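Following: one structure in structure tokens, then a few remarks.
Everything numeric here is computed off the predicted structure, so don't read it as measured data. Letters go in sequence order (proteins before strands), and every chain restarts at 1.
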There are 2 protein chains.
Amino acid sequence: MQQRDIFPRSLQYLVAIAEYGSYTRAAEALHVSQPTLSQQIKQLEESLQSPLLDRSGRSVQLTNAGEIYLRHARRAWGELDGGARAIHDVQNLSRGSLRLGWTPITDYLTCSLLESFNGLYPGININTLDMPQDDIEVSVAESRIDVGIVFSKPFSSTTRPNEIETEVLFEEKLCIAVGKNHPRAKQRERMSAQNLGQESLALLNTDFALRRHVDDYCNEYDIEPRFAIESNSLSAIISLIKHRPHATILPRSIVKQQGLHAINLSPEMQRKEITLIYRKNGYKSPATIAFSELAHLWAKNELQHTAQTQ
Amino acid sequence: MQQRDIFPRSLQYLVAIAEYGSYTRAAEALHVSQPTLSQQIKQLEESLQSPLLDRSGRSVQLTNAGEIYLRHARRAWGELDGGARAIHDVQNLSRGSLRLGWTPITDYLTCSLLESFNGLYPGININTLDMPQDDIEVSVAESRIDVGIVFSKPFSSTTRPNEIETEVLFEEKLCIAVGKNHPRAKQRERMSAQNLGQESLALLNTDFALRRHVDDYCNEYDIEPRFAIESNSLSAIISLIKHRPHATILPRSIVKQQGLHAINLSPEMQRKEITLIYRKNGYKSPATIAFSELAHLWAKNELQHTAQTQ
DNA sequence: GTTGTTGCATAGTCAAATCCTATAGGTCTG
DNA sequence: CAGACCTATAGGATTTGACTATGCAACAAC
């Protein structure tokens, strides 16, 4: 209905006149006066430099040119109409797209969220980009992605605070993770910071916030960590941990989920937050809003579940 | 260029803004003021009940809905543009259609005209309808066909004279036609009206003007014609004449063209005219005009040719 | 943090396009 | 040939579209 107002009046008139075979009849149907149609068709014919209607007979008929032009006009109308319906699809979440940035850590932590989102809104095209947190923040600030999922203190140092808007989902404790064959695979008591310095570590490289966080901790307690492996691939690290006698540091829920053994540190590392970040005051697409809502629901469930098993 | 005026301004603006990523830049390119764009886009968004552009950042970007709608708008624009070009094709005669009505007689007489027309304008769709002359006149009057080719006195009795417009192409003499095996296949002298009454005739049925013309002639000279065959198919009659000892009455050029033997009548039958008929004051499509022009040229050639062989 | 710059939004005015009523000028019908 | 029907034209009212001037927010530089 609204669409009728975007599509040019003159073409709507042409279509109606062709349909009714009469200016008078079409004018009645369109609730406009007959001279309006005369005038509009005249202008249209002048624009196209060709007569479109043959008014010589008892009933108005399309000329050769009119017949051909009408087909195109109908298709064009159909396109605009389809466009309006497609917009409603976007608002219904039956179409659309979501560009999501996350880190290797949040990837592991929230992929079940993404699975439910896809299950709920299968028409929405999801585009995920795995990258260091700093890049996520820049991408969000520059609107290259709709939303980021980060794992850190609310603001990173490199980004001006008010370019970004944050929503905390939940908090995670960091602990040491070892495989089932590691000497400490049975250890239940906490491990001291000093002992951490003895371990052979597999960690993400310094591009990643988690790694920098570990480095800060080591500095604070004057530990010189021993790195067996540095990588930007968390799956590589986890796979390594499972089979070799190395340790790494991960959020507790990833450790559990991957069937690794968790050892708490003493003193504990600063807890970190799983946070959604958006461009401050930026446009949020329907898909982005839906994702955000689902994420909060999912986080609440996740917390309950973690509380039970922790 | 003209097309830019038919396609809605608001959508042209949307396309330009999306292209330049800026209202200001687009306004410069379109030679309008920037507030005009703000206003138009606002209205467009209100019509569609959805934001289309995200103006929160440094550069204007399409929202999810805007991106989708833009695709449709571009296609619609393309359609209208294509329509305008198609109209020019019609005027160029590289497209279009021609609905032609003719009788079995004019079919035989003018099919070479149709062949040249098709050769000259291969893009024009030709639709021919073979029917009795009276039907042609009605069809022309009611614009069901663009042009008729008839073979008769200018006006038939059943149609009001001023509904139809005529253009005579050339005149034809009617004569008796017999096959090569007919007893009179060698006769060079004229045949009297009385002798015609002796012949076994194959003629079109009374739906056709030629047949009624023959009946009138017979009435005038008090002849009771003997009909062996009556048909609405001229090709059937010609085929029959070729192999059986019947006679028929045909325009002289058809007789020659079909390799039949022509015998003149005495007194001669009224000559008849090959005539183009149009709806009076009706719209003539470019194809119709072109056909008319070609027909007159063709008739001039045909006359010269006939003069040589007659 | 303050200031300057850039860019879109808003307000108010004006011209032009659109639509209306009334009427003229055509066909077609009886 | 008169009446009915239909489209075209003319002239006035309304709406739309575009402009200028200005406001406000974001970004950049000092």
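When heavy atoms are screened at a 4.0 angstrom cut-off, B/S38 is found touching base atoms of the nucleic acid. When heavy atoms are screened at a 4.0 angstrom cut-off, A/Q43 is found touching the sugar-phosphate backbone but no base atom. Across all strands shown, A/Q39 has heavy atoms under 4.0 Å from base atoms, whether or not it also approaches the sugar-phosphate.
The shortest distance between side-chain heavy atoms of B/H296 and B/L169 falls below 4.5 Å. Using a 4.5 Å cut-off on side-chain heavy atoms (C-beta onward), B/D81 and B/F7 make no contact.
At whole-Å resolution of the value, CD in B/E28 and C1' in C/dT6 are 12 Å apart. Whole-Å rounding puts the A/L44 CG to D/dA8 P distance at 13 Å. Protein atom CD1 of B/I6 is 11 Å distant from nucleotide atom P of C/dT18, rounded to whole Å. Protein atom CG of B/L53 is 9 Å distant from nucleotide atom P of C/dA9, rounded to whole Å. For A/Q34 and D/dA4, the CD to P distance is 19 Å, given to the nearest whole Å. Distance, A/Q61 CD to C/dT27 P: 17 Å, rounded to whole Å. Taking atom CD1 of residue A/I41 and atom P of nucleotide C/dA17, one finds them 18 Å apart after rounding to whole Å. Atom pair B/L52:CG and C/dA9:P shows a separation of 12 Å (rounding to whole Å applied).
An OP1 or OP2 oxygen of D/dC19 is reached within less than 4.0 angstrom by a side-chain nitrogen or oxygen of B/T36. In this model, the phosphate group of C/dG7 is approached by a side-chain N or O of B/R25 to a distance below 4.0 Å at OP1 or OP2. Put simply, B/T24 has a side-chain N or O that comes within less than 4.0 Å of OP1 or OP2 on C/dC8. Close to C/dG26, at under 4.0 Å from its OP1 or OP2, lies no side-chain N or O of A/Y23.
In the set D/dA8, C/dC19, C/dC8, the nucleotide with an atom closest to the side chain of A/Q40 is C/dC19. Of all nucleotides listed (D/dA18, C/dC28, D/dC6), C/dC28 comes nearest to the side chain of B/R279.
No hydrogens or angles considered: a donor-acceptor pair under 3.5 Å links the side chains of A/S292 and A/E167. Donor-acceptor pairing under 3.5 Å is lacking for the side chains of A/S50 and A/Y69. Judged by distance alone, the side chains of A/S38 and A/Q34 do bring a donor and an acceptor atom under 3.5 Å apart.
Along DNA chain C, the nucleotide closest to A/P35 and the one closest to A/Y13 are compared, and the more 5′ of them pairs with A/Y13.
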